[in-house]
Amino acid sequence: QVQLVESGGGLVQAGDSLRLSCAASGGTVSRYAMGWFRQAPGKEREFVAGVNWRGANTKYADSVKGRFTVSRDNAKNTVYLQMLSLKPEDTAVYYCAADLTFFRDRVPTSRHDFGSWGQGTQVTVSS
């Protein structure tokens with residue numbers, strides 16, 4: 001099973017930017033849609049953004065549309081989440097995950113559609 005490792009989180013101020021990376025090892029993720037989820041304390045894990053296996057289709061939660069951009073570099077086996085204009089409500093642990101189904105053109109948004117998960121990276125946005 002592929003292993004995913006997120007990086008790039010940190011403590012920033014409102015309005016700042018961060019770029020998260022999700023590096024895969026032990027296998028290729030180029031055949032799979034990839035998703036970013038986040039979980040704040042006391043809340044359920046929620047979908048943030050996703051990209052299909054070719055990188056042609058993306059999907060975003062309404063709360064991050066226009067501020068976050070998901071992309072992938074299949075040659076590097078890596079997925080990215082560029083986050084602009086961060087808000088305190090973006091504070092959470094961010095996880096990347098790989099789709100259970102390969103070559104899916106649509107972007108799944110349910111966490112039950114994803115198999116491999118990273119350990120998460122903390123993003124804290126102060127006001």
Side-chain angles (χ1 to χ4, degrees):
Q1 193 175 11
V2 66
Q3 289 82 47
L4 304 174
V5 178
E6 304 93 338
S7 61
L11 171 62
V12 297
Q13 293 187 331
D16 285 350
S17 302
L18 279 175
R19 188 175 85 151
L20 306 184
S21 298
C22 172
S25 62
T28 179
V29 294
S30 62
R31 301 182 183 93
Y32 300 94
M34 298 294 292
W36 285 97
F37 290 74
R38 67 186 181 188
Q39 188 166 19
K43 294 188 176 181
E44 291 199 354
R45 193 169 298 189
E46 63 175 359
F47 173 80
V48 175
V51 57
N52 77 338
W53 68 279
R54 288 183 288 184
N57 293 335
T58 57
K59 202 158 194 176
Y60 298 93
D62 288 343
S63 59
V64 306
K65 276 181 184 175
R67 299 188 298 121
F68 289 14
T69 302
V70 60
S71 61
R72 66 189 302 158
D73 185 337
N74 284 341
K76 294 184 178 180
N77 224 15
T78 302
V79 182
Y80 305 97
L81 185 67
Q82 179 70 53
M83 306 186 294
L84 305 177
S85 303
L86 283 161
K87 304 175 181 180
E89 50 263 45
D90 294 318
T91 294
V93 177
Y94 283 71
Y95 301 88
C96 71
D99 193 354
L100 282 167
T101 302
F102 55 79
F103 298 138
R104 177 151 45 184
D105 277 335
R106 72 171 181 85
V107 179
T109 60
S110 168
R111 61 181 185 174
H112 301 294
D113 287 322
F114 292 86
S116 300
W117 291 82
Q119 83 292 344
T121 185
Q122 176 71 47
V123 172
T124 304
V125 184
S126 63
S127 56

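Just so it is clear, the structure is predicted and the values come from calculations on it, not from any experiment.
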So how far is it from [X] [atom1] to [Y] [atom2], rounded to the nearest 0.5 Å?
{"X": "Ser25", "Y": "Asn77", "atom1": "OG", "atom2": "CG", "answer": "8.0 Å"}
{"X": "Trp117", "Y": "Arg45", "atom1": "CH2", "atom2": "CZ", "answer": "5.0 Å"}
{"X": "Lys76", "Y": "Asn74", "atom1": "NZ", "atom2": "CG", "answer": "12.0 Å"}

Less than 6.0 angstrom separating the ring centers of Tyr95 and Phe37, yes or no?
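No, the ring of Tyr95 stays outside the 6.0 Å limit from the ring of Phe37, centre to centre.
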
Decide yes or no for [X] and [Y]: does some side-chain heavy atom of the first lie under 4.5 Å from some side-chain heavy atom of the second?
{"X": "Gln122", "Y": "Thr124", "value": "yes"}
{"X": "Thr101", "Y": "Asp113", "value": "no"}
{"X": "Leu20", "Y": "Met83", "value": "yes"}
{"X": "Asp16", "Y": "Leu18", "value": "no"}
{"X": "Leu81", "Y": "Phe68", "value": "yes"}
{"X": "Tyr60", "Y": "Val70", "value": "yes"}
{"X": "Gln39", "Y": "Glu46", "value": "no"}
{"X": "Asp105", "Y": "Trp53", "value": "yes"}

Can you see whether Ser116 engages Gln1 through a side-chain donor-acceptor pair at a distance of less than 3.5 angstrom?
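Indeed, the side chains of Ser116 and Gln1 share at least one donor-acceptor pair under 3.5 Å.
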
Does any donor atom in the side chain of Glu89 or Thr91 lie under 3.5 Å from an acceptor atom in the other side chain?
no

Treating Ile, Leu, Val, Met, Phe, Trp and Tyr as nodes and any side-chain heavy-atom pair under 4.5 angstrom as an edge, say whether [X] and [Y] lie in one connected cluster.
{"X": "Tyr32", "Y": "Val2", "result": "no"}
{"X": "Leu100", "Y": "Val51", "result": "no"}
{"X": "Val123", "Y": "Val5", "result": "no"}

Minimum heavy-atom separation for [X] and [Y], please, with both atom names.
{"X": "Ser127", "Y": "Pro88", "result": "CB-CG, 3.8 Å"}
{"X": "Ala33", "Y": "Arg106", "result": "CB-O, 4.5 Å"}
{"X": "Val29", "Y": "Ala24", "result": "CG1-CB, 3.6 Å"}
{"X": "Val107", "Y": "Phe47", "result": "CG1-CZ, 4.4 Å"}
{"X": "Tyr94", "Y": "Val48", "result": "CE2-CG2, 4.3 Å"}

Cation-pi between Arg19 and Tyr80: NZ/CZ under 6.0 Å from ring centre and within 45° of the ring axis?
yes

Do the side chains of Asp99 and Arg31 get close enough for a salt bridge, i.e. N-O under 4.0 angstrom?
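No, this pair does not count.
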
Is the closest basic N to carboxylate O distance between Asp62 and Lys65 below 4.0 Å?
yes

Pair Glu6, Gln119 - check side chain to side chain contact (heavy atoms under 4.5 Å, CB included), show working.
CA-CA 7 Å; Glu6 304 93 338; Gln119 83 292 344; 3.0 Å; yes

Taking it one step at a time, do Met34 and Leu4 satisfy side chain to side chain contact (heavy atoms under 4.5 Å, CB included)?
CA-CA 11 Å; Met34 298 294 292; Leu4 304 174; 4.1 Å; yes

Going by side chain to side chain contact (heavy atoms under 4.5 Å, CB included), Arg72 matches just one of Thr78, Val79, Asn52. Which one?
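When side chain to side chain contact (heavy atoms under 4.5 Å, CB included) is applied between Arg72 and each of Thr78, Val79, Asn52, only Val79 qualifies.
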
Heavy atoms from other residues, nucleotides or ligands near CZ of Arg67 exceed 12 (cutoff 6.0 Å):
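Buried by this count: over 12 neighbours within 6.0 Å.
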
Exceeds 12 heavy-atom contacts within 6.0 angstrom, atom CZ of Phe102:
no

Test side chain to side chain contact (heavy atoms under 4.5 Å, CB included) applied to Ser17 and Gln82, step by step:
CA-CA 8 Å; Ser17 302; Gln82 179 70 53; 4.2 Å; yes

